[in-house]
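Below you'll find the structure, written out as structure tokens, and then a few comments.
Residue numbers begin at 1 in each chain, while the letters A, B, ... track the order of the sequences. None of these values were measured; they are calculated from a predicted model.
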Amino acid sequence: MWTLQPLNFRVSSYSHHQTTVAFRPSTTTSPSTLSTTNHNASIQSLCEKGQLKKALKLLSHEPNPTQHTYELLILSCADQRSLSDAFIVHRNLIDNGFDQDPFLATKLINMYYELDCIDRVRQVFDETLKKTIYVWNAFFRALSLWGHGEEVLGLYRRMNRIGIPSDRFTYTYVLKACVAAESLASLLQKGKEIHAHVLRHGYESHIHIMTTLVDMYARFGCVEDASSVFNEMPVKNVVSWSAMIACYAKNGKPLEALELFRALMLENCDTLPNSVTMVSVLQACASLAALEQGKLIHGYILRKGLDSILPVISALVTMYARCGDLELGQRVFSQMEKRDVVAWNSMISSYGIHGLGGKAIEVFKEMVSSGVSPSPISFVSVLGACSHSGLIEEGRYLFESMVKEHGITPTVEHYACMVDLLGRANQIDEAAKIIQDMRIEPGPKVWGSLLGSCRIHGNVELAERASKRLFELEPRNAGNYVLLADIYAEAEMWNEVKRVKKLVEARGLQKVSGCCWIEVERKIYSLTSVEEFNPQIEQIHALLIKLFMEMKEKGYVPETKVVLYDLEADEKERIVLGHSEKLAVAFGLIHNCKGETIRITKNLRLCEDCHSFTKFISKFAGREILVRDVNRFHHFKNGVCSCAEYW
DNA sequence: ACAGTTACGA
């Protein structure tokens, strides 16, 4: 293994000289004394052909390598991803007196960034005395992309203090740094400040900087700010459009994303969507479960020849699966010639959300045997699949192999999967033990998983412990309070229910109300329990009441424990009958009379009563019903659900 | 010479 050696022993300082005098190494030989062997041209052409090893061999025989030779060698090392060769080139460059060349320092920083060698990036930056703006920018780029945003902002302040002017590149990296901060503290304010600097320096129509701003606001979830920057851009290109579409798609505004995509198509100018654009558009279709819309987009992708681009294919697989058509996703996946880890992961998680844990594990194994190494996300996907299918032993085994065979250190996400897996299977004590033994701080996801399990198994005592931590970690997440209130209600602890409700009120939180979507003839309809706008609401209610009566006679028992009020039984029945998924089922029955599968999407987890109601109806009405809740799919057929009660 | 947008999970 290579160890980090000190390169030289000069004290580092931040130079503010902005001179552009070309650098000359101290030991240059004049042209007349050049040795007879000059390999520079050969080394350069070997680098360009990717024959790095041969180039290095020649380098050892070349007494006077030039700056350009080193430049190409450095690029080649990054290209070949060879850290050991990088060290050889770097050493050689120092020995030949180029260690203070700011041009090569810039190249070295970029190379070491590519090679993931953070110590060397710092070392080169620190030891280069004449820090040109290029050197600063390269360092900022590496740190920002590595997520050390705060350090960049600190250095930026220092730069301003010693009077080094920023250029357009500096601004893009510093803006990126605002969202790349390691601490949880939001640097939105800082970002807005820099936004002001940018405007003050007359960059308001600079397409790169403005696009970076759109992206920055998008990542902070400030959709309004992003769109106002976008709208004020005098010139836009595909990248700016893509950034804005991605902003909508990622911030729970899929309809707006599709709308903007339509606007882009209608612009009819020379800006055409590219593969990056299409990925975000597919994401929007996936979150809406807009299958028909997604198929149209797929057609467009085929026509534009974007169907061989890996990210696009992965997004297609996910889109089909999340729209409920697993078979189409499978077909797209099976036709892939080359698969990267992301493509495999999308297929694994597709099986997972459809409750086919066995298939997910199979595909996972196929991936490994085809020579693709699993990523941390592969394990999140496959462990999630195990959890959805109740494959406890398999999940345990995979978790262990992740650490021992694949050398992946578990993250909070992995622990959350394990807690979920064990918790659902009513091995709550073991789940709690996992949390106890964690070597990292269990985040909200982990406590959330535990609380969810307590909900399923009615464990009040542990729920109180989990929620106590959860309320500290994310005091403004209303969902957690609702979960705890659910658990109290189920245990008929009405005073505690009231206490939690008061807490929610006191903190001014709004609980997310249930909402369902259903696509009828390529249009998407939304239904909520406080439905007032649907003109057919009376017809829906009438149908529900009719079904309710008939099903009760056949043995359906309403599950009213989910109601958070201490009311009479019939009153509770009335409330659960109004749940949005039941309205959506009835809406589907009314509109989709050809006997096709009814597809519904829900924004929250399915409640117990709706689950058993839909099971009943699938048999009673002889219809297949597919419901996607926040976590997974439920495929109701002939009185049975594909989730086998794991959800 | 250094730049902006994208996929897989919760």
Can you confirm if the aromatic rings of A:H298 and A:Y320 lie within a centre distance of less than 6.0 Å?
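Yes: the rings meet the under 6.0 Å criterion.
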Is the distance between the ring centroids of A:H195 and A:Y217 under 6.0 Å?
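Between A:Y217 and A:H195, which both carry aromatic rings, the centre distance is below 6.0 Å.
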Among the nucleotides [options], which one has an atom lying closest to any side-chain atom of [X]?
{"X": "A:T212", "options": "B:dC2, B:dG9, B:dG4", "result": "B:dG4"}
{"X": "A:S349", "options": "B:dC8, B:dA7, B:dA3", "result": "B:dC8"}
{"X": "A:N237", "options": "B:dC2, B:dG4, B:dT5", "result": "B:dG4"}
{"X": "A:N274", "options": "B:dA7, B:dA1, B:dT5", "result": "B:dT5"}
{"X": "A:F103", "options": "B:dT6, B:dA10, B:dA1", "result": "B:dA1"}
{"X": "A:V239", "options": "B:dT6, B:dC8, B:dT5", "result": "B:dT5"}
{"X": "A:R141", "options": "B:dA3, B:dA1, B:dG9", "result": "B:dA3"}
{"X": "A:V276", "options": "B:dA10, B:dT6, B:dC2", "result": "B:dT6"}

Touch class at under 4.0 angstrom, heavy-atom based, for [X] against every strand present:
{"X": "A:K250", "answer": "sugar-phosphate"}
{"X": "A:R219", "answer": "sugar-phosphate"}
{"X": "A:D420", "answer": "nothing"}
{"X": "A:D215", "answer": "sugar-phosphate"}
{"X": "A:I207", "answer": "base"}
{"X": "A:H414", "answer": "nothing"}
{"X": "A:Q283", "answer": "sugar-phosphate"}

Tell me whether A:K236 forms a cation-pi arrangement with A:F230, defined as NZ or CZ under 6.0 Å from the six-membered ring centre and within 45 degrees of its axis.
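So A:K236 does make the cation-pi contact.
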Kindly confirm or rule out a cation-pi arrangement of A:R168 over A:Y203, judged by NZ or CZ under 6.0 Å from the six-membered ring centre and within 45° of its axis?
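Ring-cation test returns no.
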In residues 169-176 of chain A, what residues come within less than 4.0 Å of DNA chain B, judged by heavy atoms?
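Hits under 4.0 Å, by residue number: A:F169, A:Y173, A:K176.
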Between residues 337-347 of chain A and DNA chain B, which residues have a heavy-atom gap below 4.0 Å?
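Residues of residues 337-347 of chain A under 4.0 Å from DNA chain B: A:D340, A:V342, A:N345, A:S346.
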Would A:F140 and A:Y173 count as a ring-ring contact (aromatic ring centres under 6.0 Å, His included) if you check the C-alpha gap in whole Å, the side-chain angles of each, and the deciding distance to 0.1 Å?
CA-CA 6 Å; A:F140 282 1; A:Y173 299 132; 7.7 Å; no
Atom [atom1] of [X] and atom [atom2] of [N]: how far apart are they, to the nearest Å?
{"X": "A:L282", "N": "B:dT5", "atom1": "CG", "atom2": "P", "result": "20 Å"}
{"X": "A:H206", "N": "B:dC2", "atom1": "NE2", "atom2": "P", "result": "14 Å"}
{"X": "A:Y113", "N": "B:dA3", "atom1": "OH", "atom2": "P", "result": "12 Å"}
{"X": "A:I348", "N": "B:dC8", "atom1": "CD1", "atom2": "P", "result": "14 Å"}
{"X": "A:M111", "N": "B:dA1", "atom1": "CE", "atom2": "P", "result": "20 Å"}
{"X": "A:L272", "N": "B:dT6", "atom1": "CG", "atom2": "P", "result": "20 Å"}

Distance only, no hydrogens: is a donor on one side chain within 3.5 Å (strictly under) of an acceptor on the other, for A:E362 and A:Y351?
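Result is no, nothing qualifies.
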Go through the steps for A:R469 and A:E441 under the test salt bridge (Lys or Arg N to Asp or Glu O under 4.0 Å), then give the verdict.
CA-CA 12 Å; A:R469 287 295 293 136; A:E441 189 58 38; 3.4 Å; yes
Heavy atoms of other groups near A:H201 NE2, more than 12 under 6.0 Å:
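No, because the 6.0 Å sphere around NE2 of A:H201 holds 12 heavy atoms or fewer from other groups.
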Which one of A:Y112, A:W136, A:Y134 satisfies the ring pair (Phe, Tyr, Trp, His ring centres under 6.0 Å) criterion with A:F125?
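With A:F125 as partner, ring pair (Phe, Tyr, Trp, His ring centres under 6.0 Å) holds for just one option, A:W136.
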What are the two closest non-hydrogen atoms of A:S314 and A:A343, and how far apart are they?
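Looking at all heavy atoms of both residues, the closest pair is OG-CA, 3.3 Å.
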